[in-house]
Amino acid sequence: MVDIIFEDSSIIVCLKPSGLQSQGGANDLVAMLDGYFAENEPKAKAFPVHRLDKETAGIMVFAKNSSCAAKLSAQISEGEMKKHYFAVVQGKPEDDSGILKDLLFHDRQKNKTYTVKKSRKGVKEASLEYKTIGFADGFSLLDILLHTGRTHQIRVQFASRKTPLFGDRKYGGSNGKLALFAYKLEFRHPKTNEALCFETKPDSDESPWNMF
């Protein structure tokens, strides 16, 4: 069942659970939304405009038609859609807040991203800003705003600084469920141009969110 936060004739905003692919899978979130539309709004179809990693939970917006999808995609390209995350990392970042900038290369065969020193084919600039908002039992809770949306960006940028995310075994983190949650999404409505902001929180009863 899809956890819907907001819906109108142009868009649908929902909460993606951890462990479900947002798109590109046999039973992904797009397929679930299309199934929901088939029962409730047969003319609608889910158009993805951004993605979350399979193990990342949080807020996503989907367009209901190609025109709205194009307008939302343009906002992303122009840096107008703001994506905020909570993350729990091992240890403490060197600074309590700051901006991280790196060159990243994503190996599609390994589905893994690496920081690199020099620009070359396939290398993309990555940037984010963060602030530390909690510390407990050797872990830090971070509030993150993405400037760019690279594959595994948050995970690899912090792992490369020896503060991997809780539960991120791919990048040297501890065991457990990946502690990365897209808690707030800001954008303009593709039809009305109204400024929209949707916000929620991870389950405070689940580890490691319950440490904070």
Practice item. Show your working on side chain to side chain donor-acceptor pair (under 3.5 Å) between Glu186 and His84 and close with a plain yes or no. Key: CA-CA 9 Å; Glu186 300 176 85; His84 303 257; 2.6 Å; yes
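- Side-chain atoms of His50 come within 3.5 Å of backbone atoms of Val61 as a donor-acceptor pair (strictly under, hydrogens ignored).
- Under the 3.5 Å distance criterion, the side-chain polar atoms of Ser22 are matched with a main-chain donor or acceptor of Leu52.
- In this structure, CG on Leu185 lies 9.5 Å from CG on Leu196, to the nearest 0.5 angstrom.
- Closest non-hydrogen pair, Tyr171 versus Thr113, comes out as OH-N, 2.8 Å.
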Practice item. List the steps, then state whether side-chain contact (heavy atoms from CB on, under 4.5 Å) holds for Lys117 with Leu103. Key: CA-CA 7 Å; Lys117 298 295 184 182; Leu103 294 175; over 6 Å; no
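- The two residues Leu33 and Val2 make their nearest non-hydrogen contact at CD2-CG1, 3.6 Å.
- Around CG of Asp96, the count of heavy atoms belonging to other residues, nucleotides or ligands within 6.0 Å does not exceed 12.
- Between His152 and His106, the two ring planes are perpendicular [angle over 60°; tilted spans 30° to 60°].
- Formation of a donor-acceptor pair under 3.5 Å by the Gln153 side chain with backbone atoms of Ser127 is found in this model.
- Among all heavy-atom pairs drawn from Lys16 and Lys54, the shortest one is NZ-O, 3.0 Å.
- Of the listed residues (Tyr183, Phe181, Tyr130), just one forms a ring-ring contact (aromatic ring centres under 6.0 Å, His included) with Phe86, and that residue is Tyr183.
- Put simply, CD on Glu129 and OG on Ser97 are 9.0 Å apart, with the number rounded to the nearest 0.5 Å.
- Judged purely by atom type and a 3.5 angstrom limit, Asp102 has no side-chain atom pairing as donor or acceptor with the backbone of Leu104.
- Distance alone, capped at 3.5 Å, places no donor-acceptor pair between the Lys170 side chain and the Lys112 backbone.
- If you take CG on Leu15 and CD1 on Ile5, they are separated by 5.0 Å, rounding to the nearest 0.5 Å.
- No path of Ile, Leu, Val, Met, Phe, Trp and Tyr side chains, each step under 4.5 Å between heavy atoms, connects Val88 with Leu142, placing them in separate hydrophobic clusters.
- Residues Ile99 and His147 have side chains in contact (heavy-atom distance under 4.5 Å, counting atoms from C-beta outward).
- A 4.5 Å side-chain heavy-atom check between Cys68 and Phe47 finds every atom pair outside the cut-off.
- In this structure, Leu141 is a member of the same hydrophobic cluster as Phe139, with clusters built from ILVMFWY side-chain heavy atoms closer than 4.5 Å.
- Residues Leu180 and Ala87 approach most closely at CD1-CB, 3.9 Å, considering heavy atoms.
- Annotation: side chain of Asp3 is not in contact with side chain of Pro17 (no heavy-atom distance under 4.5 Å).
- Annotation: Glu125, atom CD; neighbour count of heavy atoms from other residues, nucleotides and ligands within 6.0 Å does not exceed 12.
- A 4.5 Å side-chain heavy-atom check between Thr163 and Ser140 finds every atom pair outside the cut-off.
- One finds a salt bridge joining Arg188 and Glu80 here, because a Lys/Arg side-chain nitrogen approaches an Asp/Glu carboxylate oxygen to under 4.0 Å.
- To the nearest 0.5 Å, atom CG of residue Asn27 and atom CD of residue Gln21 are 10.0 Å apart.
- Transitive grouping of hydrophobic side chains (ILVMFWY, heavy atoms separated by less than 4.5 Å) keeps Phe198 and Met60 in distinct clusters.
- With rounding to the nearest 0.5 angstrom, the OG atom of Ser204 is 13.0 Å from the CE atom of Met211.
- Annotation for Ala179 and Leu165: closest pair O-CD2, 4.0 Å, computed over non-hydrogen atoms.
- In this structure, the side chain of Lys92 does not engage the main chain of Thr132 through any donor-acceptor pair within 3.5 Å.
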Point to revise | Test log, rule side-chain contact (heavy atoms from CB on, under 4.5 Å), inputs Glu94 and Arg161 | key: CA-CA 8 Å; Glu94 185 174 345; Arg161 290 165 173 82; over 6 Å; no
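- Note on Ile133 and Val89: separate hydrophobic clusters, where clusters join Ile, Leu, Val, Met, Phe, Trp and Tyr whose side-chain heavy atoms are under 4.5 Å apart, directly or indirectly.
- Rounding to the nearest 0.5 angstrom, the gap separating the OG atom in Ser67 from the CG atom in Leu72 is 9.5 Å.
- With a 4.5 Å cut-off on side-chain heavy atoms, Ile11 and Pro190 count as touching.
- Side-chain atoms of Gln157 and Thr115, non-hydrogen and from C-beta on, never get closer than 4.5 Å to each other.
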Exercise for review: Walk me through it: do Trp209 and Asp203 pass the test side-chain contact (heavy atoms from CB on, under 4.5 Å)?
Suggested key: CA-CA 7 Å; Trp209 308 109; Asp203 189 341; 5.7 Å; no
Practice item. Show your reasoning for whether side-chain contact (heavy atoms from CB on, under 4.5 Å) applies to Phe166 and Gln90. Key: CA-CA 6 Å; Phe166 181 98; Gln90 293 177 207; 5.6 Å; no
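- Considering only heavy atoms from C-beta on, Ile76 stays 4.5 Å or farther from Phe187 through its side chain.
- Of the possible polar contacts, one joining the Lys82 side chain to the Gly79 backbone as a donor-acceptor pair under 3.5 Å is found.
- Leu29 and Cys14 make their closest contact through CD2-SG, 3.9 Å (heavy atoms, listed as atom of the first residue, atom of the second, distance).
- Both Ile59 and Phe6 are members of a single hydrophobic cluster when ILVMFWY side chains are connected at heavy-atom separations under 4.5 Å.
- With hydrogens and angles disregarded, no donor-acceptor distance shorter than 3.5 Å links the side chain of Lys64 to the backbone of Lys43.
- Salt bridge annotation for Asp143-Lys184: absent, with no cationic side-chain nitrogen under 4.0 angstrom from a carboxylate oxygen.
- The shortest distance between side-chain heavy atoms of Leu128 and Tyr85 does not fall below 4.5 Å.
- Between the side chain of Asp53 and the main chain of Glu55, no donor-acceptor pair closer than 3.5 Å is present.
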